[in-house]
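One structure, pasted below without further comment.
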Amino acid sequence: MPEPSHRLRWAPIPATSLNIELSLTSGQVFRWTRNAGGAWLGAVGDIGAYIVPAERGFWWATYPPDRWNVVEAFFSLQVDVESLYREWVRSDRRFAELIDLFRGLRILRQPPESALCSFICSSCNNVPRISGMVGSLARLVARQLAVPWFEELRADPTLVDLARVQERALRDAGFGYRARYLAQLGRLACSGLTPDIEGLERFGWSEARAALMALPGVGAKVADCVGLFAYGRHDVVPVDTHVRRYVVARFRPDLATRSLTPRVYDALAAEFRGIMGPYAGWAQQYAYMAARSGVAIASLQGGTG
DNA sequence: TGTCGACCTGCCATA
DNA sequence: CTGTACAGGTCGACC
């Protein structure tokens, strides 16, 4: 594969501030790939991106060229993680361990419509399979980008793109019961029956969240993922099975046996947000990774130390 | 409000 | 190698 070496730009953002591999493989985005040379390839909306990590920074290229603002926004580089780390350790001393493990992990800012599609696919699912589905979805419905240094790169899909495929084709491609949600969403979008997903970002979160939850296949968890990963709502805490396990073990053992009703969901999110503060959504990603990777939750039990 | 089962499929760990 | 439990949930029907 030809590499855009003559176009590469340098960004002096150290790996301690942005761990590219960790951020791209932490279950936020599912379509980035790494080539043999260690470069990461992916799309951000309609923009192709090429990222080569290094210790003291990273090399980057986009197509169309030189879209630094896209790279900067995607990696949320305006957020100073070092100051977050200092705050988190003050809020919860045991976060020091998670920061050591996952230093440089950032919340990525994705186009909301494709984030919606991805997290509809994520329900009751595992990351390898989600990646396969999200890749298939892009191949089935999204526009091919004419990026010279990719053999094949699809744009991030939009909701109207979804109407290009029948539910049956999605089922044949292995989407299972999520096929119905996606096909239905595409029909609604083409009929003008979905809200302006991009525009919802400017609404209050409770209003935007309710609008998202009215869409097929979108419950509290998926809506919260759109809030955190697409709208830049840093304080929104999606409560999945891992985060639930973490918060229950760490702070709310009284909720251990309760089923995850909307009330319990909100209580867990509120508990975590109350402790971790306005960037609780970012902190959630660290807790998620810890719980998912089997870092001894037991060792995290008992008080807020 | 809270509980239950259905919805699809494949990964992963253990028999 | 065949069998389970489970995986970044949501929805509708009943208490």
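So that the names make sense, note that chain A is the first sequence line, chain B the second, and so on, each numbered from 1. As the structure is a computational prediction, the values presented were derived from the model and not from experiment.
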- [ ] Quick one: sort the A/F119 and A/F30 rings into parallel, tilted or perpendicular, breaks at 30° and 60°.
- [x] perpendicular
Open item on the list: Only Watson-Crick and G-U wobble pairs, only distances under 3.5 Å, only runs of 3 or more: what stems does that leave for DNA chain B?
Closed with: B:2-7 with C:9-14
TODO: For A/Y246 and A/Y286, test the side chains for any donor-to-acceptor distance below 3.5 angstrom and give the result as yes or no.
DONE: no
Task: Among B/dC11, B/dT1, B/dC8, the one nearest A/N126 by side-chain distance - done: B/dC11
- [ ] Determine the Euclidean distance between corresponding C1' atoms of C/dC11 and B/dG10; express it in Å to zero decimal places.
- [x] 23 Å
- [ ] Please state the P separation for the pair C/dT2 and B/dC8 - nearest whole angstrom.
- [x] 26 Å
Task: Short side-chain donor-acceptor distance under 3.5 Å, A/D161 and A/T158 - done: yes
Open item on the list: Show me the pairs that pass ring pair (Phe, Tyr, Trp, His ring centres under 6.0 Å) and involve residues 89-112 of chain A, at least two apart or across chains.
Closed with: A/W88-A/F95
Task: Given B/dG10, B/dC11, B/dG2, the nucleotide with the shortest approach to the side chain of A/R129 - done: B/dG10
- [ ] Considering only NZ, NE, NH1 and NH2 on the basic side and carboxylate oxygens on the acidic side, decide whether A/R94 and A/D92 come within less than 4.0 Å.
- [x] no
Open item on the list: Counting primed atoms plus P, OP1 and OP2 as sugar-phosphate and everything else as base, spell out the protein contacts along nucleotides 9-15 of chain C at 4.0 Å heavy-atom distance: B, S or - for each nucleotide, 5' to 3'.
Closed with: BBS----
Open item on the list: Taking 4.0 Å as the cut-off, does a side-chain nitrogen or oxygen of A/T261 come that near to OP1 or OP2 on B/dT1?
Closed with: no
TODO: Tell whether A/R180 reaches the base of B/dC7 with its side chain through a donor-acceptor pair below 3.5 angstrom.
DONE: no
- [ ] Verify the contact: side-chain N or O of A/S259 to OP1 or OP2 of B/dT3, cut-off strictly under 4.0 Å; return yes or no.
- [x] yes
TODO: Report yes if a side-chain nitrogen or oxygen of A/R258 is closer than 4.0 Å to either non-bridging phosphate oxygen (OP1 or OP2) of B/dG2; otherwise report no.
DONE: yes
